[in-house]
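Comments concern the structure below.
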Amino acid sequence: MDYIKEIKRLQKEKNAVILAHCYQNIEIDNVADYIGDSLYLSQMAAKTDADIIIFAGVYFMAQTAKILNPTKKVILPNIKAGCDMADMINLQQLREFKSKNPNIPTVCYINSTAEVKSECDICCTSSNAVEIVKSLNAEKVLFLPDKNLGKWVEKQLGNVEVITYNGYCPIHNQLNPKEIKETKMQYPNALVLAHPECIEDFLNLADYVGSTTGIMNYVKNSNEKEFIVATEKGVLDRLKRDYPNKKFYDICNTPSICQSMKLNSILDIYNALKNETPEITVDAKIAAKALNCIERMLEVSK
Ligand code: 13P
Ligand code: SF4
């Protein structure tokens, strides 16, 4: 069977939209309506008039789409696609973190569960984290789960104390400064582009730090021809496809792969559309509270 053709047919028949994160297997772009980073996809999820949302991403992304669209069917093609960082903080741990640091606004990275979002003031993505923290006009903020993104935001702003929870993305957090130096020696003409989920000592050696979209736009607007790209393999795959005249290298020539992001396959998407499962559900009370946190972010990042 030509699954791509069948997906497109079912999509029209059922008025479904397919959203895909840039870390997905690249063949998923063949069926996706919108491809992008966490912010762009949440904005698209907030706008869609489709009846069904197929989210080719990980659990927290589909959950966010469901919170924004309580009456629509939201489907995560492979239900096992989770996020290790989002799983590093639960509601009880959030409450302990808040009680140790009382009366401080709480910013959660979108890479968090609906329960966690339901007790935070505002959420953010890596694209808008600086803008979101700034919008609070606070001297101190609590930031979770990603300590690296939180500390990077603190450095960008300079006048806000960002108190971070001890969470991180295992994929980005493991990249180290020694590796960046070695890779730079191998490719001396290449600029280093890094995602802010990397550790501070690593980011200090990068030429540009930005979200998935930030990195892609940097390449688009740059006259440079060679880049060392310190983020998930999906971004490199798309850059190589879109800029065949430029060269892209992994840190130490070893791709950084988020296995969860790679779980959704074309076959899973076909089955998801055909059977309308596995559907994401969120408890109505939790969803209503988490919606405030997400909508507040979307309001700031219009
Ligand atoms: P962005 O999509 O915000 O760049 O985040 C990267 C990521 O790790 C998503 O899980
Ligand atoms: Fe989570 Fe990291 Fe995978 Fe993104 S790359 S989904 S933050 S584990």
Side-chain angles (χ1 to χ4, degrees), residues 2-12 14-69 72-83 85-86 110-111 125-127 169 171 195 197 211-217 219-220 229 231-243 255-280 294:
D2 182 341
Y3 287 112
I4 295 182
K5 212 166 145 194
E6 251 328 86
I7 288 170
K8 289 187 174 157
R9 188 188 66 74
L10 282 168
Q11 218 185 329
K12 268 202 199 111
K14 300 194 176 195
N15 187 27
V17 68
I18 302 180
L19 308 180
H21 192 271
C22 291
Y23 294 178
Q24 293 288 290
N25 292 307
I26 198 161
E27 62 268 22
I28 287 180
D29 289 7
N30 292 320
V31 294
D33 297 296
Y34 301 101
I35 305 154
D37 68 359
S38 307
L39 178 62
Y40 177 69
L41 296 178
S42 60
Q43 287 166 332
M44 291 305 111
K47 269 187 206 161
T48 186
D49 53 11
D51 296 316
I52 298 177
I53 300 172
I54 306 284
F55 213 121
V58 290
Y59 199 89
F60 75 82
M61 297 178 176
Q63 206 179 39
T64 302
K66 179 65 186 176
I67 294 164
L68 287 161
N69 296 282
K72 294 184 176 152
K73 237 180 207 174
V74 177
I75 298 167
L76 179 63
N78 190 319
I79 201 68
K80 291 192 189 124
C83 166
M85 170 168 14
I110 198 162
N111 300 38
T125 76
S126 59
S127 297
C169 163
I171 319 304
H195 195 282
E197 288 175 11
S211 68
T212 301
T213 303
I215 289 174
M216 289 177 131
N217 284 339
V219 171
K220 185 173 159 192
V229 186
T231 190
E232 211 276 340
K233 179 179 180 289
V235 175
L236 270 104
D237 291 344
R238 285 163 179 82
L239 288 171
K240 284 179 185 166
R241 176 196 63 195
D242 297 344
Y243 303 95
S256 300
I257 301 177
C258 174
Q259 298 296 349
S260 274
M261 278 281 186
K262 305 305 186 207
L263 285 176
N264 297 306
S265 65
I266 289 281
L267 181 60
D268 288 332
I269 293 181
Y270 167 74
N271 284 328
L273 261 173
K274 188 166 144 251
N275 304 323
E276 300 183 18
T277 58
E279 205 186 329
I280 302 294
I294 300 164

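Remember, it's a predicted structure, so these values are computed and weren't measured experimentally.
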Exercise for the section: Look up atom OG in Ser42 and atom CE in Met61, then write down how far apart they are to the nearest 0.5 Å. Expected result: 9.0 Å
Completion exercise
side chain to side chain contact (heavy atoms under 4.5 Å, CB included) filter on Ala45, not counting sequence neighbours, yields Leu19, Ala65, Leu68, Asn69
Practice task
Over all heavy atoms of both residues, which pair between Ile280 and Ala62 is shortest? Give the atoms and the distance, please.
Solution key: CG1-CB, 3.8 Å
Fill in the blank from the handout: Taken in chain and number order and not counting sequence neighbours, the residues that satisfy side chain to side chain contact (heavy atoms under 4.5 Å, CB included) with Lys220 are Asn217, Tyr243
Fill in the blank from the handout: Residue set satisfying ring-ring contact (aromatic ring centres under 6.0 Å, His included) with Tyr23, at least two apart, ordered chain then number -> His21
Problem - Met44 side chain reached by Val17 side chain, heavy atoms, under 4.5 Å - result: no
Exercise for the section: Kindly write out the residues that satisfy side chain to side chain donor-acceptor pair (under 3.5 Å) with Asn25, not counting sequence neighbours, or none if the list is empty. Expected result: none
Practice task
Sort and list the pairs that fulfil salt bridge (charged side-chain N to carboxylate O under 4.0 Å, His left out) and have at least one residue in residues 17-44, not counting sequence neighbours.
Solution key: Asp29-Arg238, Asp29-Arg241
Problem - Criterion side chain to side chain contact (heavy atoms under 4.5 Å, CB included) on Leu39 and Thr213, from CA distance to verdict - result: CA-CA 9 Å; Leu39 178 62; Thr213 303; over 6 Å; no
Exercise for the section: Identify, with sequence neighbours excluded, every residue that meets side chain to side chain donor-acceptor pair (under 3.5 Å) alongside Ser126. Expected result: His195
Exercise for the section: Mind checking salt bridge (charged side-chain N to carboxylate O under 4.0 Å, His left out) for Lys73 and listing every partner two or more places apart, or none if nothing turns up? Expected result: Glu276
Fill in the blank from the handout: Rounded to the nearest 0.5 Å, the SG atom of Cys83 sits from the CG atom of Asn111 at a distance of 4.5 Å
Practice task
I would like to know whether Asp242 and Val219 meet side chain to side chain contact (heavy atoms under 4.5 Å, CB included); could you show each step before the answer?
Solution key: CA-CA 10 Å; Asp242 297 344; Val219 171; over 6 Å; no
Handout entry: Residue list, side chain to side chain contact (heavy atoms under 4.5 Å, CB included) with Asp2, at least two apart or on another chain
Key = Ile4, Lys5
Problem - NZ on Lys233 to SG on Cys22, rounded to 0.5 Å - result: 13.5 Å
Problem - 4.5 Å side-chain heavy-atom contact, Thr125 and Ser211 - result: no
Problem - Distance-minimising heavy-atom pair for Ala272 and Pro77 - result: CB-CA, 4.1 Å
Fill in the blank from the handout: Between Cys169 and Met85 the two heavy atoms that sit nearest each other are CB-CE, 3.6 Å
Exercise for the section: May I ask you to check whether over 12 heavy atoms, not counting those of Lys240, lie within 6.0 Å of atom NZ? Expected result: yes
Fill in the blank from the handout: Output for pair (Gln259 CD, Ile171 CD1), nearest 0.5 Å, gives 7.5 Å
Problem - Test item: Phe55 and Leu41 side chains (from C-beta on) under 4.5 Å apart, heavy atoms - result: yes
Hey, can you pull the donor-acceptor pairs under 3.5 Å for the side chains in residues 263-271, sequence neighbours left out?
{"from": "Asn264", "atom 1": "OD1", "to": "Asn78", "atom 2": "N", "distance (Å)": "2.8"}
{"from": "Asn264", "atom 1": "ND2", "to": "Gln24", "atom 2": "OE1", "distance (Å)": "3.1"}
{"from": "Asn264", "atom 1": "ND2", "to": "Gly57", "atom 2": "O", "distance (Å)": "2.9"}
{"from": "Ser265", "atom 1": "OG", "to": "Leu267", "atom 2": "N", "distance (Å)": "3.4"}
{"from": "Ser265", "atom 1": "OG", "to": "Asp268", "atom 2": "N", "distance (Å)": "3.0"}
{"from": "Ser265", "atom 1": "OG", "to": "Asp268", "atom 2": "OD2", "distance (Å)": "3.2"}
{"from": "Asp268", "atom 1": "OD2", "to": "Ser265", "atom 2": "N", "distance (Å)": "3.1"}
{"from": "Asn271", "atom 1": "ND2", "to": "Leu267", "atom 2": "O", "distance (Å)": "3.4"}

Exercise for the section: Quick one: list whatever passes side chain to side chain donor-acceptor pair (under 3.5 Å) with Asn30, sequence neighbours left out. Expected result: none
Completion exercise
Taking every heavy atom of Ile110 against every heavy atom of Ser38, the minimum-distance pair comes out as CG2-CB, 3.9 Å
Handout entry: Side-chain touch Thr231/Ser256, heavy atoms, less than 4.5 angstrom
Key = no
Practice task
Output all residues satisfying salt bridge (charged side-chain N to carboxylate O under 4.0 Å, His left out) with Glu232, sequence neighbours left out; order by chain, then residue number.
Solution key: Lys262
Completion exercise
Across all chains, not counting sequence neighbours, the side chain to side chain contact (heavy atoms under 4.5 Å, CB included) partners of Ala16 are Gln11, Ile52, Leu273
Practice task
Side-chain contact test, heavy atoms from C-beta onward, threshold under 4.5 Å: evaluate it for Ile79 versus Tyr59 and give yes or no.
Solution key: yes
Handout entry: Close side-chain approach of Lys14 and Asp51, heavy atoms under 4.5 Å
Key = no
Handout entry: Atom pair CD1 (Ile28) and CD1 (Ile54), whose distance is rounded to the nearest 0.5 Å
Key = 11.5 Å
